[in-house]
Amino acid sequence: MTVAEATPELDVDRDDRAFLGHPKGLGYLAFTEAWERFSFYGMQALLVLYMVNELLLPGHIENIGGFEQFRTLYGGLDGQALASAIFGTYAASVYLTPILGGWLADRVLGKRRTVLLGAVTMAAGHFLMAFELTFLLALLCLILGSGMFKGNIASQVGALYGPEDNRRADAFQIFYLGINAGVIASPLIVGTLGEVYGWHYGFGAAGVGMLIGLTIYLAGQKYLPKEHFEPQHKGHVEPARMQPGDWPALIALLLLIPVMAISIVPNNQIFNAYLVWGDQQFDLTFMGTKLPTTWLVTLDAIVSVSFLAGVALFYRWYGKHWKEPDELGKIIIGSIFSIGGQLCLFMAAATQGEGEKIGLFWPVIFHIVNSIGFAHMLPVSLALFAKLAPKAINATVIGLYYLAFFAANSMVGWVGGFLETMPTTSFWLMHAGFAAVSGVAFLLFKLFLSKRLMEREPVPLPD
């Protein structure tokens with residue numbers, strides 16, 4: 001079967017260049033995703049602060065429906081440790097439910113109906129967050145809705161292009177710009193409304209953002225391939241078989257998953273214990289006004305996007321003069337920067353005077369150093385998995401890659417609970433230790449990984 005034969009016939013104009021040289025459908029998908037990320041990250045930026053500062057306090061915690069039964073899952077945890085654990089469970093779960101969302105799209109509803117159901121479910125979850133009684137139901141709706149939405153909308157981007165259309169790669173860059181725009185804007189709007197005017201105003205704004213995204217998606221239906229209304233049907237094509245040389249690569253990738261999980265913990269703690277610590281200890285006053293703590297997420301997003309582009313441009317220049325490091329080499333470099341970022345937070349805690357707030361010098365340096373590490377690690381690790389994944393099970397292996405995020409966010413919730421019981425300096429040194437341990441593991445992997453394995457031909461990422 002050729003690539004052309006395997007590609008469904010499109011009912012959209014292949015030569016459409018109305019949106020920045022791309023089909024109109026890309027514009028609708030990019031803006032839909034921007035608003036979805038606006039709602040998702042806005043809610044996530046508020047979640048742990050809301051639990052610590054209000055929801056889990058006496059007078060409020062009693063109002064949560066079914067909470068006494070639910071909290072037994074966390075033993076005797078209370079206060080900030082309990083909030084951290086709940087956040088970790090939520091953040092981890094959103095990386096598992098896309099498996100369910102993919103199955104629904106492929107076997108039952110089709111991609112577009114699954115995306116619509118996911119958007120409605122997420123919007124309901126955001127609005128339910130406005131009521132203490134429905135907090136747990138809200139989180140469940142957000143987890144399930146994200147699972148139905150997350151992968152299925154991205155796959156529609158690739159379906160806008162024919163098999164030989166080179167605009168496909170550029171399309172995903174534009175699509176991810178929409179994601180980053182939503183991430184940057186959401187704490188400024190959702191976070192500010194939640195912290196300054198009331199938590200429920202912030203969650204309501206997230207729900208409105210999700211409805212805007214849903215409206216944009218509905219408006220663009222005629223510019224999307226019609227076959228995504230229907231579930232996929234298996235043909236009688238014989239599946240590709242694993243080759244003998246594939247097994248060492250598969251084993252190596254499976255061993256890398258727990259190492260990746262450990263390496264992700266320091267970065268993802270930004271949405272959990274870091275925000276609680278910053279809210280309590282950072283001097284966020286500017287011209288007599290305390291800035292919302294969630295703006296730290298916007299700062300991180302802006303710096304991260306800048307260094308993602310900056311690091312890519314640096315290696316484009318570097319490769320013209322010297323040999324560019326391979327994927328593992330870049331990940332090891334990223335681990336070093338990740339250690340440095342956590343040491344910046346250690347310095348912020350170590351230099352804090354008694355009764356004083358922490359100035360923003362060390363936190364800003366942390367975001368810069370950590371973002372350089374992030375740019376070397378997460379995008380590059382996905383490329384490494386795509387390169388080593390056996391062709392016969394490429395999509396499955398890429399799915400397994402995201403298990404690292406499930407495990408990492410579970411650890412973020414568990415480890416974040418130590419913020420109240422450990423000296424703050426020790427807390428951030430522990431995170432530097434996570435980065436160091438994973439960095440050593442990546443180094444050992446590079447030293448003992450055969451050259452033949454690293455020279456495997458890369459497999460294109462699935463749409």
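Counting begins at 1 with the first residue of the sequence.
- Under the rule for a side-chain contact (heavy atoms from CB on, under 4.5 Å), the partners of V364 that lie at least two apart in sequence or sit in another chain are L299, L360, I368.
- In this structure, G278 and L284 approach most closely via the heavy-atom pair O-CD1, 4.1 Å.
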Next item on the list: Walk me through it: do L100 and M148 pass the test side-chain contact (heavy atoms from CB on, under 4.5 Å)?
Entry: CA-CA 7 Å; L100 171 63; M148 289 184 278; 5.9 Å; no
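- Listed for the E36 side chain is no donor-acceptor partner under 3.5 Å among the backbone atoms of M210.
- For A83 against V52, the heavy-atom pair with the smallest separation is CB-CG2, 3.7 Å.
- Residue pairs meeting the side-chain hydrogen bond (donor to acceptor under 3.5 Å, both in side chains) criterion with at least one partner in residues 343-352, sequence neighbours excluded, are Q281-Q352.
- Partners of F374 according to the side-chain contact (heavy atoms from CB on, under 4.5 Å) rule, which considers only residues two or more places apart in sequence or in another chain, are N267, L308, L378.
- With sequence neighbours left out, the salt bridge (Lys or Arg N to Asp or Glu O under 4.0 Å) criterion links K357 to no other residue.
- Using a 4.5 Å heavy-atom cutoff, the side chains of L345 and Y274 are in contact.
- Taking CG of L211 as the reference point, atom CE of M122 lies at 11.5 Å (rounded to 0.5 Å).
- Here ring-ring contact (aromatic ring centres under 6.0 Å, His included) pairs that include residues 410-433, with residues two or more places apart or in two chains, are W277-W428, W414-F418, F427-H431, W428-H431, H431-F434.
- Scanning for ring-ring contact (aromatic ring centres under 6.0 Å, His included) contacts around F31 gives an empty result, with sequence neighbours left out.
- Remark: the backbone N or O of I331 is paired with a side-chain donor or acceptor of S335 at under 3.5 angstrom.
- A donor atom on one side chain and an acceptor atom on the other are found under 3.5 Å apart for W295 and T192.
- Side-chain N/O atoms of Y401 and S381 include a donor and acceptor closer than 3.5 Å.
- Contact between A205 and F38 at its shortest, heavy atoms only, is O-CE2, 3.9 Å.
- A distance-only check finds no donor-acceptor pair linking the side chain of S338 to the backbone of G334 [under 3.5 Å].
- Sorted by first then second residue, the side-chain hydrogen bond (donor to acceptor under 3.5 Å, both in side chains) pairs that include residues 83-95, not counting sequence neighbours, are Y74-T89, S84-N272.
- Closest approach of P325 and Y318 over heavy atoms only: CD-CE2, 4.2 Å.
- Every residue meeting the salt bridge (Lys or Arg N to Asp or Glu O under 4.0 Å) condition with E33, not counting sequence neighbours, appears here in chain and number order: R37.
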Checklist line | T285/T289 under side-chain contact (heavy atoms from CB on, under 4.5 Å): CA gap, chis, key distance, verdict | finding: CA-CA 5 Å; T285 303; T289 302; 5.9 Å; no
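- The shortest side-chain heavy-atom distance between R112 and Y217 falls under the 4.5 Å cut-off.
- When all heavy atoms are compared, the tightest approach of A45 to V297 is CB-CG2, 4.1 Å.
- Across all non-hydrogen atoms, the minimal contact from F366 to G341 is CD1-O, 3.1 Å.
- Under the ring-ring contact (aromatic ring centres under 6.0 Å, His included) criterion, Y315 pairs with H376, sequence neighbours left out.
- Between L256 and F442, some side-chain heavy-atom pair lies under the 4.5 Å cut-off.
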Item checked: Criterion side-chain contact (heavy atoms from CB on, under 4.5 Å) on K111 and L224, from CA distance to verdict -> CA-CA 11 Å; K111 291 181 180 178; L224 302 176; over 6 Å; no
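- Checking side-chain atoms of D326 against main-chain N and O of G329 turns up a donor-acceptor pair under 3.5 Å.
- Using a distance-only test at 3.5 Å, with no hydrogens or angles considered, no donor-acceptor pair links the side chain of S410 to the main chain of A92.
- Without hydrogens or angle criteria, T97 side chain to I143 main chain gives a donor-acceptor distance under 3.5 Å.
- Side-chain atoms of L218 and L116, non-hydrogen and from C-beta on, do get closer than 4.5 Å to each other.
- Between the CG atom of L253 and the CG atom of D246 there is a distance of 10.5 Å, given to the nearest 0.5 Å.
- Residues F203 and V190 fail the side-chain proximity criterion, which asks for heavy atoms closer than 4.5 Å.
- When the ring-ring contact (aromatic ring centres under 6.0 Å, His included) test is applied to F271, the partners found at least two apart in sequence or on another chain are Y41.
- For Q80 (side chain) and V276 (main-chain N/O), no donor-acceptor pair under 3.5 Å exists by modelled atom type.
- Looking at L328 and V380, their side chains never come closer than 4.5 Å, going by heavy atoms from C-beta outward.
- Taking F346 as the reference, nothing meets the ring-ring contact (aromatic ring centres under 6.0 Å, His included) condition, with sequence neighbours excluded.
- Here the side chains of F385 and I257 are in contact, with some heavy-atom distance below 4.5 Å.
- Note that OG of S263 and CD1 of I339 are 11.0 Å apart. Values are rounded to the nearest 0.5 Å.
- Legend: residues meeting salt bridge (Lys or Arg N to Asp or Glu O under 4.0 Å) with E324, ordered by chain and number and at least two apart, are K330.
- Here the two rings, on Y201 and Y197, have centers that are 6.0 Å apart or farther.
- Rounding to the nearest 0.5 Å places CZ of F87 at 11.0 Å from CG of L139.
- One distance of note links CH2 of W199 with CE of M43; it measures 13.0 Å at 0.5 Å rounding.
- A donor-acceptor pair is defined here as one N or O able to donate and one able to accept, closer than 3.5 Å; no such pair exists between the side chain of D300 and the backbone of L296.
- If you look at Y223 and Y28, their ring centroids are closer than 6.0 Å.
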Margin query: Between T298 and T294, is the side-chain contact (heavy atoms from CB on, under 4.5 Å) condition met? List the steps.
Written below: CA-CA 7 Å; T298 290; T294 49; over 6 Å; no
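- Summarising the geometry, atom CD belonging to E195 is positioned 10.0 Å from atom CG belonging to L291; distances are rounded to the nearest 0.5 Å.
- Salt bridge K290/D283: absent, no basic N to carboxylate O contact under 4.0 Å.
- The shortest side-chain heavy-atom distance between N370 and Q342 falls under the 4.5 Å cut-off.
- Side-chain rings of F149 and F40 stay apart, their centers remaining 6.0 Å or farther from each other.
- Side-chain N or O atoms of Q280 include none that pairs as donor or acceptor with a backbone N or O of L275 at under 3.5 Å.
- Of the residues V115, T121, T114, the one that meets the side chain to side chain contact (heavy atoms under 4.5 Å, CB included) test with L117 is T121.
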